[in-house]
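Notes follow once the structure below has been shown.
All values below come from the heavy atoms of this structure, side chains included, with hydrogens, waters and symmetry mates left out. Counting starts at 1 for both ligands and their atoms, in listed order.
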Amino acid sequence: MIKTRFAPSPTGNFHMGGLRTAIYNYLYAKKNNGTFLLRIEDTDQERSKKVFEEEILQIFKIFELNYDEINYQSKNIQKHKEIVDALLDQNLAYKENDGPYRFKVNREKDYFEYEDLILGNIKIPSENIEDFSIARSDKSPTFILSNLVDDHLDQITHVIRGNDHSINTIKQKLIAESISLNKIEYAHIPLIHDLNGKKLSKRDNITNVDFYLNEGFLKESIFNFIIKLGNNFNDLEYLNIQDAINNFKISKIVLSPAKFDIQKLEFINQHYLNQLSFQEFKLHINSKNLKATENYNLDIIYKDILSRVTTTKKINEEISYLINFFHKKQTVDIDNNEKDLIQKIYKAIQDLHNEEDLLEALEKNDLFLKKIGKTVRKIFVNFESKLPIDKIIFFYGISNFKERLLLYLSWLMKKDLNL
Ligand code: GLU
């Protein structure tokens with residue numbers, strides 16, 4: 001049975017490249033009715049932090065990457081040490097004077113080679129591979145050894161990981177062959193580059209999954225964006241997890257580095273945002289804005305808001321533009337033409353109680369939106385919101401509309417009387 005794993009070290013924020021690797025391992029396992037393991041590689045005691053582990057678990061939950069098992073590398077340290085001892089006993093490794101324990105590379109063959117499921121045939125002259133460390137001078141095992149031993153203890157059949165590990169794979173295969181461990185298939189995913197063709201660095205905040213979630217990218221958008229970096233999924237435009245499982249093929253992963261284009265992510269997010277129902281939309285509004293809009297008709301304008309934004313953070317910005325100025329009950333300077341219009345508008349609608357009749361009443365009095373729009377926008381939102389003016393009016397509703405006009409009329413009156 002196929003078994004894959006994702007093996008993060010909790011030494012930093014969970015980044016987008018890691019998320020892609022995790023998802024690919026998950027998809028491959030599920031596609032083949034296999035199992036998927038999450039292994040927290042927490043042996044670097046100085047750099048491993050509980051907060052980073054919690055972040056990994058949280059992001060797994062958000063993206064519904066349901067693992068069948070979870071393991072902690074630190075639990076296996078004893079086993080790792082036993083393998084170091086076994087290698088030493090069999091004269092396959094040695095200790096350098098006061099230095100680390102090294103694996104003795106057997107250079108009888110001219111080349112080391114293996115078939116990578118993505119990169120194809122990998123062939124390296126044996127003289128290019130130096131003896132390498134399997135344990136530090138205090139005998140604590142290195143990543144190369146612990147990671148390999150764990151993959152065997154966990155009975156992993158397929159390792160899908162970033163291309164930056166391809167040299168480690170050669171070394172791990174040398175150890176595995178020397179002590180006849182079961183064969184593991186390896187697939188190395190090309191790394192993600194920025195638009196300038198440079199490798200995305202883990203240290204760059206811009207690659208943290210958390211950053212995108214906080215910016216207001218929906219999990220569906222991040223999922224689609226990241227899985228499509230380097231794999232076309234039969235050209236399906238938008239996939240849920242099940243579609244992704246059905247259409248995942250390791251052999252379709254492209255060899256050239258994928259380009260990280262945030263505009264593409266925004267485009268995908270717009271697609272998913274526009275699918276939101278009003279109830280779902282409300283889940284993305286912060287409590288302050290939710291409270292501030294509870295007496296207005298947000299349901300009438302939510303689609304207009306969605307068609308203008310790229311993130312949920314921007315939904316909240318749009319709502320602030322709508323209510324900021326209105327709630328301050330401030331007045332802005334207006335000229336005589338505007339004053340005249342406000343008076344006419346109020347006259348035309350003062351007896352109305354229903355916003356449905358509002359536009360008709362205005363038009364009957366020759367007050368078309370084209371003519372009054374600018375003034376209304378000015379006195380309601382001080383031009384902060386760019387939503388269509390009829391939507392702004394409906395958002396506030398007839399009684400707020402009247403109230404606002406009255407606020408101006410009484411202010412103008414006071415001004416005229418020099419009060
Ligand atoms: N802990 C390693 C890392 O985060 C695991 C690499 C692997 O997948 O084998 O890079």
Let me check something: any side-chain donor-acceptor pairs from residues 241-252 under 3.5 Å, sequence neighbours excluded? List them with distances.
{"residue": "Gln242", "atom": "NE2", "partner": "Asn246", "partner atom": "OD1", "Å": "3.1"}
{"residue": "Asp243", "atom": "OD2", "partner": "Asn240", "partner atom": "N", "Å": "3.0"}
{"residue": "Asn246", "atom": "ND2", "partner": "Gln242", "partner atom": "O", "Å": "3.4"}
{"residue": "Asn247", "atom": "OD1", "partner": "Asn234", "partner atom": "ND2", "Å": "2.7"}
{"residue": "Asn247", "atom": "ND2", "partner": "Asp243", "partner atom": "O", "Å": "2.8"}

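- Within the structure, the closest approach of Phe143 to ligand 1 falls below 4.0 Å when heavy atoms are considered.
- Near Asn147, meaning under 4.0 Å from one of its heavy atoms, ligand 1 places the atoms 5 (C), 7 (C), 9 (O).
- Of the options Arg5, Arg39, Glu41, His165, the smallest heavy-atom separation from atom 8 (O) of ligand 1 is shown by Arg5.
- Heavy-atom neighbours of Glu130 CD from other residues, nucleotides or ligands within 6.0 Å: at or below the threshold of 12.
- For an aromatic pair to be called close, the ring centres must be under 6.0 Å apart, and Phe401 with Tyr396 fails this.
- At most 12 non-hydrogen atoms from other residues, nucleotides or ligands lie less than 6.0 angstrom from NZ of Lys259.
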